[in-house]
Amino acid sequence: MTEVSELALPEFNFDNTFARTLEPFFVSWKAAEAQSPRLLQFNQELANELGLDASALNTETGAAIFSGNEVPNGSMPLAQVYAGHQFGGFSPQLGDGRALLLGEVIDSNGRRRDIQLKGSGKTPFSRGGDGKAALGPVLREYLIGEAMHALGIPTTRALAAVTTGEEVYRETVLPGAVLTRVASSHIRVGTFQYFAARQDTDNVKTLADYCIERHYPQIKDDDNPYLAFFDAVADVQSALVAKWMGVGFIHGVMNTDNMTISGETIDYGPCAFMDAYSPKTVFSSIDTQGRYAFGNQPSILVWNLARLAETLIPLIDPDTDQSVNILTERVSAIPATHESYWLSEMAKKLGIQTAIPEDDALIRDFLTLLNEDSVDFTLGFRTLSDVLRKNKKEAEALYKNTKALDEWINRWMGRLKENKDSPEQIADVMDQINPIYIPRNHMVEAALTAAVDATDMTPFSKLLSVITKPYNQVEGASDYTLPAPKSDIPYRTFCGT
Ligand code: AMP
Ligand code: MG
């Protein structure tokens, strides 16, 4: 271990409301000692946003803190308990099996943010797991989370990646690592399920009150704050999944323990961005039934929120039947809420600022074209702005059936005539909505392989710099825009746990 104990550690200004108010929801715990921690990646910009001393942390001291070897002042590391439906089956006891919450800080925008270590060793919730994380999945979560943030999608973020100097045993022996991630909180649908499954209504209420105070203070004085709470979570999650659908993101493990109360994307495991458009796309090797396929995400959203609704039944109305009726009605309203977010998200991708119901058919017909010709989702949208600039070549090259494309373009141009902006102006706006760079699967794999097999972080750094500025074409980055060369072997992602 590095000799930093005698040095003053940088200040974090923790204010740990979770630890102070939710005692039954965690155990205080200590990270496993890392042999020789090394800071591999550090997010300076995020550190600044969190009010941390970035230069003091971008050092061995940072490696010691972000491996869990040193506990900064005011931190009270803890493992949170939760339950969850995993691929439809209920696990009454999950919890942080390899993560520790260091604490909460108030960032420079006045927002409360959790700082959590992931891969910091066994906890009482490890259930036979080793509590560790391998470097590949840690860097993967780092990359994809930062890409999502750059795409304007609510998400946990990566503050640091540290290698521990230890080996982790998976199918092969891999370098161990710890990810430090930042979230607006780590409370999940599964946190509610843990207490509801034990008929512990008092704790469900305590948790709901805490979440309202922390995430939705505006509904505190509502006539029925718990119902308003449900609606608020349903709303942010409906919007979130619409944003995923807008960039071709497949979460891969939409279990209820991986769905936040805050509306942020969390737990990047076997996730991936779709290349050729098909709603049936699945990348995760463990999702054999395609439960979490791209096109199923909106219905899983509703399914998961129905599980949240069940936990709130005792809080909504003293009459259980009445409670169930009210919540059932609210759950039935979610598809329409999600679709309206989706419509507005997708319409913007087509340069339509204010969507009308008729745009639904225009969008769906475009998606049908992409599907029929297995067109790359990202490029399919991105090349439309060039069509508006009177250059159809690049768009047309993506399709077999260019006649169908032309017919659709005519309809679309007709719709855009209602906009007072010129086609060129609309195209410029679209270029700030339809990314040119996404973390393409083969580029992510190449970056992780170089980092893990050859300790070469160059491809990772280059990829990170490209995908965190996803809208503006940069010189020398054309490789990053292209889909993977055609392969007979479908791309597979692994959980990496
Ligand atoms: P995930 O699939 O990553 O969302 O994890 C589901 C559950 O398994 C959570 O409770 C994790 O804390 C736990 N878990 C995942 N990997 C490990 C591991 N290597 N050791 C212990 N617990 C783990
Ligand atoms: Mg999880």
Side-chain angles (χ1 to χ4, degrees), residues 25-27 29-32 34 67-68 77-101 114 116-142 144-145 155-156 158 164 166-181 183 185-195 197 237 240 250-262 264-272 282-288 291-292 300 304 307-308 493-497:
F25 299 72
F26 65 86
V27 287
W29 206 251
K30 222 177 145 305
S67 63
L78 60 88
Q80 297 183 335
V81 70
Y82 49 85
H85 276 90
Q86 301 186 301
F87 291 90
F90 187 61
S91 300
Q93 162 93 60
L94 294 166
D96 291 334
R98 53 164 172 170
L100 288 179
L101 178 67
D114 272 9
Q116 194 206 50
L117 304 181
K118 184 170 174 183
S120 51
K122 276 191 193 162
T123 75
F125 308 125
S126 298
R127 298 173 301 141
D130 62 1
K132 304 280 166 94
L135 178 58
V138 161
L139 291 179
R140 189 181 173 80
E141 178 155 356
Y142 197 118
I144 311 278
T155 176
T156 62
T164 58
E166 284 154 29
E167 292 174 334
V168 169
Y169 301 92
R170 298 291 181 260
E171 274 108 62
T172 55
V173 181
L174 297 164
V178 178
L179 175 77
T180 303
R181 71 177 176 189
S185 87
H186 285 83
I187 302 169
R188 306 140 193 267
V189 169
T191 320
F192 279 83
Q193 289 182 289
Y194 179 85
F195 292 97
Q237 281 290 343
L240 178 67
I250 305 171
H251 183 283
V253 235
M254 280 180 81
N255 293 334
T256 56
D257 53 302
N258 291 338
M259 186 183 254
T260 57
I261 293 307
S262 66
E264 283 179 348
T265 314
I266 195 170
D267 277 0
Y268 295 95
C271 61
V282 177
F283 292 118
S284 170
S285 61
I286 53 172
D287 191 3
T288 47
R291 179 182 170 88
Y292 300 139
I300 294 294
N304 286 352
R307 305 288 79 74
L308 175 65
T493 54
F494 299 89
C495 233
T497 52

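Computed from a predicted model, the values in this text were never measured in an experiment. Every number for a ligand or one of its atoms is a count from 1 in the order of the listing.
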Within a distance under 4.0 Å of any heavy atom of [X], pick out the atoms of ligand 1 and give their elements.
X	value
Gly131	18 (C), 19 (N), 20 (N), 21 (C)
Gly95	9 (C), 10 (O), 11 (C), 12 (O)
Ser126	21 (C), 22 (N)
Gly129	20 (N), 21 (C)
Asp267	4 (O)
Asn258	4 (O)

Which atom of Asn258 lies closest to which atom of His251, heavy atoms considered: CB-CE1, 4.1 Å

Nearest atoms (heavy-atom pairs only) where Gly97 meets Thr123: CA-OG1, 3.6 Å

Check: Gln80 main-chain N/O paired with Asp96 side-chain donor or acceptor under 3.5 Å: yes

Check: Lys118 N/O within less than 3.5 Å of ligand 1 N/O: no

Distance-only side-chain donor-acceptor flag, Thr256 / Gln193, under 3.5 Å: yes

Val253 to ligand 1, any heavy atom closer than 4.0 Å: no

Min heavy-atom dist Gly269 to ligand 1 below 4.0 Å: no

Residue selection (non-hydrogen contact nearest atom 13 (C) of ligand 1) among Arg98, Arg170, Lys132, Arg127: Arg127

Aromatic centroids of Tyr268 and Tyr142 separated by under 6.0 Å: no

Any N, O or S atom of Asn258 closer than 2.8 Å to the Mg ion (ligand 2): yes

Salt-bridge contact Arg181-Asp267 (side-chain N to carboxylate O under 4.0 Å): yes

Partner of Phe25 under ring-ring contact (aromatic ring centres under 6.0 Å, His included), chosen from Tyr194, Phe192, Phe195: Phe195

Which N, O or S atom of Asp267 lies nearest to the Mg ion (ligand 2), by name: OD2

